[in-house]
Every structure is written in C-alpha cells, then in structure tokens.
Amino acid sequence: MERVQRLIAEYFNGSDRHLRFGGVAIADLADQYGTPFYAYDRQVLEQTWSRLRCALPPEFTVYYSVKANPNQRILQFFLSKGCGLEIASVGEFDRALRAGCAPARILFAGPGKTEAELERVLEQNIGAVHIESFREMDRISAIARRLGRSARIALRVNPTEEAQGGAMRMGGKPLPFGIDEECLEAALDRAISDPFLSVRGIHLFIGTQILDPAILLAQYRKGIAIAQRAADRLQAPLQTVDFGGGLGIPYFPGEQSLNLEAFRQGLVELMADVRSDPRLTGTQFMVEPGRYLVGEAGIYVVRVNDIKYSRGKKFIIVDGGLHHHLTASGNLGQVIKRNYPVAILNKLNAEARESADIVGPLCTPLDALARNVMLPPAEVGDWVGVFQSGAYARSASPLGFLSHPAPPEIWVEAGKSTLLCPRGQYDTI
Ligand SMILES: *Cc1c(COP(=O)(O)O)cnc(C)c1O
C-alpha cells in the first residue's frame, strides 16, 4: 500500500478515492473498454525518460530494449526521443521497422539467432549484430560474403566477475550469453582477420533489476576495461561500448528507487577518467534499458467477479490473472512470490483492514495476482489495479493459456484515451 501511495503521489495526481490514470478516471476506461485491460500513461513515460536522460552524460545514446514492451506506440515514443532500439528476434525487428525505425538504429543481441534471422537483418543493413558465439561469427561472415558487404558486429562479452544485487545475475559463470572474457583476444583475432566482419565495439549486460548505482557503475568500469583491451587488440579506437540494460525499479517493500543522482555523479567521474584515452576517442557509449523506461508507465486493471471464503481465508476472484500478467503472479523471475503494488482503484483512501488473496479465473493455484495483501473490504464490481505493469507484463505472459481473450492495450495522454490493441488480439494493428 505504501508503494501504491508513493506511485500515486509521484505520477497520478488528481486521484482521491478513485484513481485518475493519465488524467482519466479509471471508471471511464473500464466503462469504455471493459476489463481486464492494460493502460499506458504517456506522461509517466516522459517523466522517467527525462529523468534518465538527464543522468546520462552527453556521449551516451539510449537503445530502448524492445522485449520489455514491444507495443508500437511505446516504440514510437522512444524513437521520437532519439533512441535506437535493441531487439532479440526478427519479430522484434519487424515491429521496430513498422514503428518507423531506420535499420541503422537497431541492434540485435541474444543467443540462438537463426541463419534466416541473421540473413533478414543483414539484408536490411541493420546497425549491428551483437555476437554471442564463434559460430555466429562464421554464419554472419558467410551471409555478408553473399551480400557482398561487410557486417557490423559488436562482441558481447561474458565477464569474469559477477555483479551482485540484481534479480538475474549474469557474468562470472558459465552462460549461454556472449563470449567468455577469457576468449576476448581470440574472438577479436577471428573477426579482424575476416574482411566481411567489421568490429564496432563491445557489449556487456550483467543483470536485470539492479537498484544499487554502485553495482551499475562497477559493471560499467568493467566494460571500460574490456573496451580498452579490445581497442589494444584492434589497434584502433572502439566505435561503440554498450553497457547493457538492467536499471531497476522498486516493486517490493524495503526496496528503494535507483539513486539517479549517485549514478549521474559516478558516470561523470567515469567519463572524466576515459575522456583523454585515445582508445576511446569518438566512442559512442550506449545503454539499453527496458524495465526502467516503461515499467512504471503501465497498469493492469481487472474487475472483481466474486468473493469467497475458504476455511477462513478471503479470496477476491477477478477477471484476469497469470495468463495476462505472469510476472505479477510470481511465476517469472521470482523464487518466492512477492506482491506487486496492488490497490482497489475505486477505494484508494479507504482503510486497508482485510487480508485477502487476489486470484484469477484459471484452474491452477499458481493463478494469484497477490497473496495475503491488506486491502479495504472489496465488493463485486470493484476494480483492482496492478501497478508498475509496463515492462515484462503482457508480452511476457502466456496469453493463450485457457483461451481467454488477450487484454486490450490503451494509451492515455493528456486526459484522452486511445485503443492501441483491441481485446482478443495479440499484437497492435
Ligand atoms: C532484456 C535485455 C535488456 C533490457 O534489460 P532491462 O533489465 O529491462 O533493462 C537489455 N539488453 C539485452 C541484451 C537484453 O536481453
């Protein structure tokens, strides 16, 4: 509840008893579009975007990570801010192109890229492919040879040390991602000797949901050290150093927002240390956040359909669940389920005095949006909102499980709403 109040104070002013989302009463959205639905608030995107942009030095470019939320309107928002896009499949490549992104502003990272996928993006002259294995280099080289031009690549490096404190830790251990740091020189030599591969830089992505700026900064320092080694081997300055994503947002009690002022300060110091290094002259530094940029801008809204007690425990049964929002149900990326910030959206200032589980309509005990959460007494017809549902929510959910229609996506901007994706459709039309 405390987290919900903070979010409302920060982003959703004008709410009293009823939530106003992007200046629109939640009841109006529910009446117009029905429940369950996802809504995204442009103003929140603006706020988080400018906050992050202001923390980054001018030499930094942002590549929005499409998998966090691949909705067209969201992609267009970031393109309009001058961002590039980071993709992990040809499906995301197509979405990026459809949103109006120039291929030169797209990066393709991720393990297991198929021959057909590589062919497709290289034909379209993608900005760069981030290499995850030696075989991938061979494949790209062969395709580039057929196309008669060299392919721009960056080496994704799996570093020797681990960044602590993220939800998912990548680095310092065996991984399917990237080339082990121990093989950096060998990978560079392989690429340098190949006229069809043009090495632009290195890429590092160590973990997601990091809330401590010191961990991010340690990771970026590690990236710089690897970049310097790579430039020595290439005997040329690097064109790009990509520090990856991973900036977190607080979901759970006890978590603090990422301290962007400390992050900004650390980056100023980092840049001061490298500015005079000839190996990093003219280098474009990149970050590719997903969650941080969109997580707080989304809400998932469901309607209370039934309330029942079983052996003294209260269950609030709503019309959506894990098939729409797997992460909130705790079945993606969590070992022990913790509750996302949830509230009864038409009883915001009522006293939270009853503990209940909020469960969905699927025939599995896994289908709980929140467990043992303190709420005002709920009634059939109330609306429940799961906040911070802009990232890894709808698109990370098994929308086909139990054959309920996929929830619509709604864009809210300056007191007006627009339907982005109708109910029952998977993708934006
Ligand atoms: C998923 C992903 C990201 C985005 O991660 P966040 O934690 O959402 O910032 C960035 N880069 C790559 C390569 C990814 O796979």
Side-chain angles (χ1 to χ4, degrees), residues 45 48-49 51-53 55-56 60-71 74-75 78 83-93 95-96 105-113 117 121 126-133 136 153-159 163 165-171 175-179 200-213 215-216 219-220 223 240-251 255 257-258 260 263 285-298 326-327 332-334 388-396:
L45 288 177
T48 39
W49 162 256
R51 212 188 298 141
L52 180 62
R53 183 62 263 187
L56 297 173
F60 276 52
T61 310
V62 177
Y63 281 74
Y64 168 66
S65 180
V66 172
K67 81 172 180 298
N69 187 328
N71 187 285
I74 302 249
L75 304 189
F78 290 111
C83 295
L85 298 177
E86 180 269 326
I87 59 151
S89 73
V90 157
E92 290 186 349
F93 185 68
R95 282 177 182 255
R105 283 165 71 192
I106 303 177
L107 307 175
F108 190 5
K113 306 176 192 78
E117 285 186 302
V121 300
I126 189 168
V129 179
H130 289 193
I131 297 295
E132 310 266 353
S133 76
E136 215 165 73
I153 61 166
L155 294 186
R156 178 165 177 180
V157 181
N158 172 15
M168 194 166 34
R169 289 166 192 184
M170 300 191 278
L175 280 179
F177 313 109
I179 306 261
R200 283 167 49 82
I202 61 111
H203 173 206
L204 214 72
F205 177 36
I206 295 179
T208 189
Q209 185 49 11
I210 295 168
L211 290 167
D212 180 351
I215 293 168
L216 289 168
Q219 181 176 315
Y220 290 18
T240 59
V241 176
D242 182 347
F243 296 115
L247 286 74
I249 56 176
Y251 293 96
E255 288 184 342
S257 300
L258 180 64
L260 275 191
F263 184 51
F285 296 94
M286 292 145 56
V287 285
E288 35 179 44
R291 186 193 311 275
Y292 188 85
L293 290 173
V294 291
E296 299 196 321
L326 189 65
T327 24
L332 184 75
Q334 283 190 41
Q388 294 185 304
S389 297
Y392 304 111
R394 185 181 184 276
S395 70

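Computed from a predicted model, the values in this text were never measured in an experiment. Indexing begins at 1, ligand by ligand and atom by atom, following the structure's order.
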Nearest-0.5 Å distance, CG of residue Leu56 to OG1 of residue Thr61: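 If we round to the nearest 0.5 Å, Leu56:CG and Thr61:OG1 are 9.5 Å apart.
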
How far is [atom] from its nearest protein heavy atom, and which residue and atom is that?
atom: atom 7 (O) of ligand 1; answer: Thr208 OG1, 2.4 Å
atom: atom 8 (O) of ligand 1; answer: Tyr392 OH, 2.6 Å
atom: atom 3 (C) of ligand 1; answer: Ser65 OG, 3.2 Å
atom: atom 10 (C) of ligand 1; answer: Glu288 O, 3.1 Å
atom: atom 9 (O) of ligand 1; answer: Gly246 N, 2.8 Å

Determine, using ring centers only, whether Phe60 and Phe243 are less than 6.0 Å apart.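 Yes, ring centres under 6.0 Å apart.
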
Quick check on Phe205 - does any of its heavy atoms sit under 4.0 Å from an atom of ligand 1?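 Contact check Phe205 vs ligand 1: positive.
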
Say whether Gly110 and ligand 1 are in contact under the criterion: heavy-atom distance to a ligand atom below 4.0 Å.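 Per 4.0 Å heavy-atom rule, Gly110 does not contact ligand 1.
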
Give the C-alpha distance, both sets of side-chain angles, the deciding distance and a yes or no for side-chain contact (heavy atoms from CB on, under 4.5 Å) between Tyr63 and Asp242. CA-CA 9 Å; Tyr63 281 74; Asp242 182 347; over 6 Å; no

Could you tell me, atom by atom, which parts of ligand 1 come under 4.0 Å of a heavy atom of [X]?
X: Gly245; value: 9 (O), 10 (C)
X: Arg291; value: 6 (P), 8 (O), 9 (O)
X: Lys67; value: 1 (C), 2 (C), 3 (C), 14 (C), 15 (O)
X: Pro289; value: 9 (O)

Under a 4.5 Å cut-off applied to non-hydrogen side-chain atoms, are [X] and [Y] in contact?
X: Tyr251; Y: Gln334; value: no
X: Leu45; Y: Val294; value: yes
X: Asn71; Y: Asn69; value: yes
X: Thr240; Y: Leu107; value: no

Between Glu136 and Lys113, is a salt bridge (Lys or Arg N to Asp or Glu O under 4.0 Å) present by the stated rule, with each step listed? CA-CA 8 Å; Glu136 215 165 73; Lys113 306 176 192 78; 2.7 Å; yes

Determine whether the side chain, the backbone, both or neither of His130 has a heavy atom under 4.0 Å from any heavy atom of ligand 1.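 Answer for His130: neither.
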
